[in-house]
Amino acid sequence: MFAINDPHVIAENIEGDTIILNFDSGSYYSLNAWGSIAWDGYCAGLGTEELVSAMAPAAGVDAATVARDLETFAAQLTGEQLLVEAHGNAATDSYTFDAPECAYEAPAATVFNDLQELLLLDPIHDVDSGDWPR
Amino acid sequence: MLRRLAVAGQEIELRFASDAMLQHFFPALEHLTCRSTGDAGLTVFLWDSSADGSSAPVPPWDQDAYAPRGEVRWSAGDGELQVAYNPGSRVLSVFNGVSGEAFLWLPDVRECPSWESAAPLRTVLHWWATRAGRQLLHGAAVGDASGALLLTARGGSGKSTTALNALLAGMSYLGDDYVLAALDEAGPSVHSLYATAKVDPAAPDTVPALTQLMHDASAEAGEKVVIYLAKWKRDLLARSLPLRAVVVPGLKPGESSRLAPLKPSVAYLAMAPTTAFQLPQAREAATTFMRRLVSAVPCFRLELGDDIDAVPQLLRELLRSEEDRLSQASRRGSAR
């Protein structure tokens, strides 16, 4: 089970498209339609098996393919520290599966790193007490 | 020295401790000057320690408190203060949202970079606006009697050149680097903060009319030139306009310039990271606001071709069509 890497990550859903900001790394992400669905499921506490059960029939794709795609997607999301491993009871009551209108494609996140310098620049070094750093 | 500003219908009082501080931090804001009509919603005290050094505050936190975006992770105990320190400009910003007071200090105003005076007090204004349910946005805004367009994009996309070109073509100008947006009951609106433009020194090569604005402007090596527009184009500086659309410019050399509808999520992608990653403590309030904004107005992609002089007319036509669309929708609503 996974959870959003709060408070370092904020996701917004804009008319079905999910955009995620990572305030630790300065990277930001755009999820494709099936990625947005999977993201919502993971954030609601669903596991990969439950998502496969919901997505495969709606996608018209065999469960093994969806499972493999979701494992790859989850690895990307945890590798980018957007999701973290979570334990405990899932709050799945809040989740409603709503299949995208487009044909199935493997859930994926497009990564943007062009603004990392805004957050990763660390100019504070060796400041003496009482001084104002440059 | 006191100055009063009117920003998005609210009054802000600036109290400068020296003429040097006023000369450095006021010109970009001068176009917002107003007469005092009562209590200010925000009072900002601005001073530096270049004269004697004795008024320099001593930081009560250690090195570990400094965080990205200039945030200072320190609490005075009651949690009412927001603090940020920009090591590039050495500006310390402190805001008390309960008392409506803010402080801006730096060691020596004479060493403050030009980019800071092009967009002064933005951290304090960001916190103040957020508290009022409004949002500073990294973007430009231009318009006319039909309303305003918010131009938002990553650096190098032609946003600033588009805004300046629109100004030179006689359109109203609300800002280049940062503007203030509101989503009030009356509808989305955009408000001016800074009457400045930061221009690449080579810009007159593509926009020759900029030469007249840049002839006495100067820049530090490697920096853009800051133009103070209140001096040159005061009649075209607008304080506030209703927001009609979000426009995301992008370069398309070899083509003709054109506008095309854009998914709101793509507009959000252009706006949100560059805004949220630069403003201290910007978080869910900012991202939620921007999500609502791109869903509240239509969004367009502006493909900037070789015919740069044609762009202001495209923008004017867009404003007119959006105003007509809203008028028709309003008439249909009244007829029911």
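Reckoned from all heavy atoms, side chains included, excluding hydrogens, waters and symmetry mates. Proteins get letters first, then strands, A, B, ... in listed order; numbering begins at 1 in each.
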Proximity breakdown for [X] and chain B, heavy-atom pairs closer than 4.5 Å:
| X | value |
| --- | --- |
| A:Asp6 | side chain |
| A:Asp114 | side chain |
| A:Ser27 | backbone |

Would you check, one step at a time, whether the test side chain to side chain contact (heavy atoms under 4.5 Å, CB included) holds for B:Ser295 with A:Glu15?
CA-CA 8 Å; B:Ser295 298; A:Glu15 300 182 8; 3.8 Å; yes

Answer with yes or no whether the side chains of B:Thr288 and A:Glu12 bring together a donor and an acceptor at under 3.5 Å.
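Yes - a donor-acceptor pair under 3.5 Å links their side chains.
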
List the steps, then state whether side chain to side chain contact (heavy atoms under 4.5 Å, CB included) holds for B:Leu269 with A:Phe112.
CA-CA 10 Å; B:Leu269 194 65; A:Phe112 300 89; 3.8 Å; yes

Measuring heavy-atom distances to chain A, does [X] have an atom under 4.5 Å in its side chain, in its backbone, in both, or in neither?
| X | answer |
| --- | --- |
| B:Glu71 | neither |
| B:Val266 | neither |
| B:Leu92 | side chain |
| B:Ala267 | neither |

Any non-hydrogen side-chain atom of B:Phe277 less than 4.5 Å from a side-chain atom of A:Gln116?
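In short, these two side chains do not touch, never coming nearer than 4.5 Å.
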
Other residues, nucleotides, ligands: >12 heavy atoms within 6.0 Å of A:Gln81 CD
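No, CD of A:Gln81 has 12 or fewer neighbouring heavy atoms, counting only those of other groups under 6.0 Å.
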
CD of A:Glu105: more than 12 outside heavy atoms within 6.0 angstrom?
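Yes, CD of A:Glu105 has more than 12 neighbouring heavy atoms, counting only those of other groups under 6.0 Å.
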
Just how far is it from atom OH of B:Tyr268 to atom OG1 of A:Thr18, taken to the nearest 0.5 Å?
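If we round to the nearest 0.5 Å, B:Tyr268:OH and A:Thr18:OG1 are 10.5 Å apart.
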
Minimum heavy-atom separation for B:Thr274 to A:Leu115, with atom names?
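What the structure gives for the nearest pair is N-CD1, 3.5 Å.
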
Of B:Arg291, B:Lys263, B:Met290, B:Arg292, which is the lone residue that meets side chain to side chain contact (heavy atoms under 4.5 Å, CB included) with A:Ile14?
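Testing each of B:Arg291, B:Lys263, B:Met290, B:Arg292 against A:Ile14, the sole residue satisfying side chain to side chain contact (heavy atoms under 4.5 Å, CB included) is B:Arg291.
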
